[in-house]
J.: 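Quick one: structure below, then a few questions.
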Amino acid sequence: MNGLLLATVFLPLIGAVALWIVAPLGRDAIRWATLAVTVATFACAARLIANFPTDAAGQASYALTEWNWVGQVQNVNLDIRFALGLDGLGLWMFGLSALLMITSVLVSWEAIKDREPLFYGMLLLLEFGCLGVFSARDIVLFYIFFEFTLIPLFFLIGIWGSEDRRYAASKFFIYTLAGSMLTFLGLLAIVFWSYEPTSGGEKLVFSIPELTARLADHPIPIGWQIAVFVALFAGFAIRVPLFPLHTWLPLAHVQAPTAGSVILAGILLKIGVYGFLRFSVPMLPQAAAVMMPWLLWLSVAGIIYGALVALAQSDIKRLIAYSSVSHLGFCMLGLFAFNPTGVQGSVLQMVNHGLSTGGLFALVGMIYE
């Protein structure tokens, strides 16, 4: 399974490069090659899901592939690794990413008639980034994939979008990038705080499971926890998007091509909730408990606001976009309920929303065409 996970993540990247080879063969060759890559990627992801172990020991090391990426720098051992692995948290979002990319290719089959190699190449690069986000086991690797997903979607909206596509792409990029910079500082603060030279930790550890275990034994003081939590919140809440940081979303959905809307609603919005589940709550539990009432109220406000504003829309893509604000509020509400049922419901609702909203945007795209 280790090699299969590595192949699944890198198959879209290889496919994106291969598109330039088949580009002279014409539009049909490009479309069929892209579809073949996405179907093969989904088949690999489905096998990974089917073979996921039921025991905790097997899940801890399932499909784990890692090697040292960055070593010693100026007498400081930076234990930065290219580490990929799947656990129960990222497993279904990994499979959802592979599934929705097939839908994105199919709904673009007749709609895209300009610069097809570039368009389908960007789709495959976006799939590569999404698969990497949900399987990364190293903080630096996670952040690279986290930021990488912005680039293909920026071009998808800016080149193949509607009339105000450039404004929508710029607003999307600026919003998400600004929040991501603070998130990066928060992640670095977690790494530096877990550095313990007196207890045998002569290196800076970037492994997500190891950092989670270290911070459980030696938590960050509550004041610093809150500061780091707010830094992480800036990037993750914008990606959700949590009310009132949602204003970039309706415009991006309206202006994006159908494939961009499917991926944005079905996968990319879940990365924000996934970040809270992966980093903010397990690594900063005391700060999460302090901030819980505020986040619950923001979630409820987003649920009600998104639903009411959706009722007033005359543009169907904008209607679905505001309904997504409402739906993602339920995901955040379940997460910060701080009980197993709520967290499980949050993850289940992320999968549900990816399937239903991805399908809705696909239908809207076909109606537009």
Side-chain angles (χ1 to χ4, degrees), residues 12 16 19 23 27 30-31 34 38 97 100-101 103-130 146-180 235 238-241 245-272 306 309-310 312-325 328 354 357-369:
L19 282 184
R27 182 186 181 195
I30 295 168
R31 294 185 299 187
T34 307
T38 54
S97 302
L100 289 184
M101 197 57 65
T103 305
S104 300
V105 173
L106 292 176
V107 296
S108 307
W109 202 262
E110 298 294 340
I112 301 302
K113 300 176 182 177
D114 179 38
R115 287 178 278 189
E116 292 94 342
L118 182 60
F119 176 84
Y120 289 109
M122 287 297 167
L123 273 186
L124 291 176
L125 289 177
L126 187 54
E127 182 178 20
F128 168 66
C130 293
F146 183 75
E147 289 295 278
F148 181 81
T149 56
L150 300 180
I151 301 171
L153 189 59
F154 171 79
F155 286 110
L156 286 173
I157 297 173
I159 297 176
W160 292 277
S162 302
E163 296 81 10
D164 294 330
R165 57 185 180 274
R166 294 184 179 178
Y167 173 67
S170 300
K171 187 174 183 179
F172 157 74
F173 193 81
I174 292 171
Y175 258 72
T176 50
L177 184 63
S180 298
I238 289 174
R239 284 289 187 100
V240 170
L245 304 173
H246 66 284
T247 56
W248 63 270
L249 180 65
L251 181 63
H253 270 312
V254 170
Q255 300 300 322
T258 302
S261 294
V262 170
I263 299 303
L264 178 59
I267 304 170
L268 294 184
L269 300 187
K270 314 306 183 301
I271 294 177
V309 176
Q313 299 306 310
S314 57
D315 184 294
I316 192 167
K317 291 184 78 173
R318 192 178 290 271
L319 183 153
I320 302 172
Y322 277 109
S323 75
S324 295
V325 175
L328 269 297
T357 310
L360 282 171
F361 274 116
L363 290 171
V364 170
M366 287 188 280
I367 292 171
Y368 274 23
E369 291 301 315

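Fair warning: this is a prediction, and the values are worked out from it, not measured in the lab.
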J.: Might you work through the side-chain contact (heavy atoms from CB on, under 4.5 Å) test for Leu251 and Val254, ending with a clear yes or no?
T.: CA-CA 5 Å; Leu251 181 63; Val254 170; 5.6 Å; no

J.: How close do Leu249 and Ser324 get, counting heavy atoms only, and between which atoms?
T.: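 Closest approach of Leu249 to Ser324, heavy atoms only: CD2-CB, 4.5 Å.
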
J.: Closest heavy-atom contact between Leu19 and Pro117?
T.: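 Answer, listing the atom of Leu19 first, then Pro117: CD1-O, 4.0 Å.
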
J.: Apply side-chain contact (heavy atoms from CB on, under 4.5 Å) to the pair Val325 and Val240, showing each step before the final yes or no.
T.: CA-CA 8 Å; Val325 175; Val240 170; over 6 Å; no

J.: State which residues pass ring-ring contact (aromatic ring centres under 6.0 Å, His included) with Phe173; sequence neighbours excluded, sorted by chain then number.
T.: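 With neighbours one apart ignored, the set is Phe154.
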
J.: Identify the heavy atoms of Ala321 and Phe361 that sit nearest to each other, and give their distance.
T.: N-CZ, 4.2 Å

J.: To the closest 0.5 Å, what do you measure between OG (Ser104) and CG (Leu126)?
T.: 8.0 Å

J.: With the side chain counted from C-beta on, respond yes when Leu264 and Leu153 share a heavy-atom pair under 4.5 Å apart, and no when they do not.
T.: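 In contact.
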
J.: Would you check if the side chain of Lys317 reaches a backbone N or O of His253 as a donor-acceptor pair within less than 3.5 Å?
T.: yes

J.: Any sub-3.5 Å donor-acceptor pair from Trp248's side-chain atoms to Thr176's backbone N or O?
T.: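 No.
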
J.: To the closest 0.5 Å, what do you measure between CG (Leu123) and OG1 (Thr34)?
T.: 7.5 Å

J.: Just to verify, what does Tyr175 make a side chain to side chain donor-acceptor pair (under 3.5 Å) with, not counting sequence neighbours?
T.: Thr247

J.: Mind listing the closest non-hydrogen atom pair of Cys130 and Leu268 along with its distance?
T.: SG-CD2, 3.7 Å

J.: Indicate the atoms forming the closest heavy-atom contact of Gly358 with Val262, along with that distance.
T.: O-CG2, 3.6 Å

J.: More than 12 non-hydrogen atoms from neighbouring residues, nucleotides or ligands closer than 6.0 Å to CD1 on Ile316, yes or no?
T.: no

J.: I need the minimum non-hydrogen distance between Arg166 and Gly158, along with the two atoms involved.
T.: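 That closest heavy-atom pairing would be CG-O, 4.2 Å.
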
J.: Quick check for you: to the nearest 0.5 Å, what is the distance between Phe128 atom CZ and Thr149 atom OG1?
T.: 11.5 Å

J.: Could you check Arg165, Gln255, Arg115 and say which one makes a side-chain contact (heavy atoms from CB on, under 4.5 Å) with Trp160?
T.: Arg115

J.: Are there over 12 heavy-atom neighbours, none belonging to Tyr322, within less than 6.0 Å of that residue's OH?
T.: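 For Tyr322, atom OH is crowded (more than 12 foreign heavy atoms under 6.0 Å).
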
J.: Before giving the answer on side-chain contact (heavy atoms from CB on, under 4.5 Å), spell out for Glu147 and Leu177 the whole-Å C-alpha distance, their side-chain angles and the decisive distance to 0.1 Å.
T.: CA-CA 8 Å; Glu147 289 295 278; Leu177 184 63; 3.0 Å; yes

J.: Output the distance between atom CZ (Phe119) and atom NZ (Lys113), rounded to the nearest 0.5 Å.
T.: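 NZ of Lys113 is found 13.5 Å from CZ of Phe119.
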
J.: Determine, step by step, whether Arg239 and Leu328 satisfy the side-chain contact (heavy atoms from CB on, under 4.5 Å) criterion, reporting the C-alpha distance in whole Å, the side-chain angles of both residues, the deciding distance to 0.1 Å, and the verdict.
T.: CA-CA 10 Å; Arg239 284 289 187 100; Leu328 269 297; over 6 Å; no

J.: Would you compute the distance between atom CZ of Arg31 and atom CD of Glu110 and round it to the nearest 0.5 angstrom?
T.: 5.0 Å

J.: Taking side chain as C-beta onward, heavy atoms only, is Leu269 less than 4.5 Å from Pro241?
T.: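 Yes; the side chains approach each other to less than 4.5 Å.
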
J.: Kindly compute the distance separating OH (Tyr368) from OG1 (Thr258), expressed to the nearest 0.5 Å.
T.: 8.5 Å

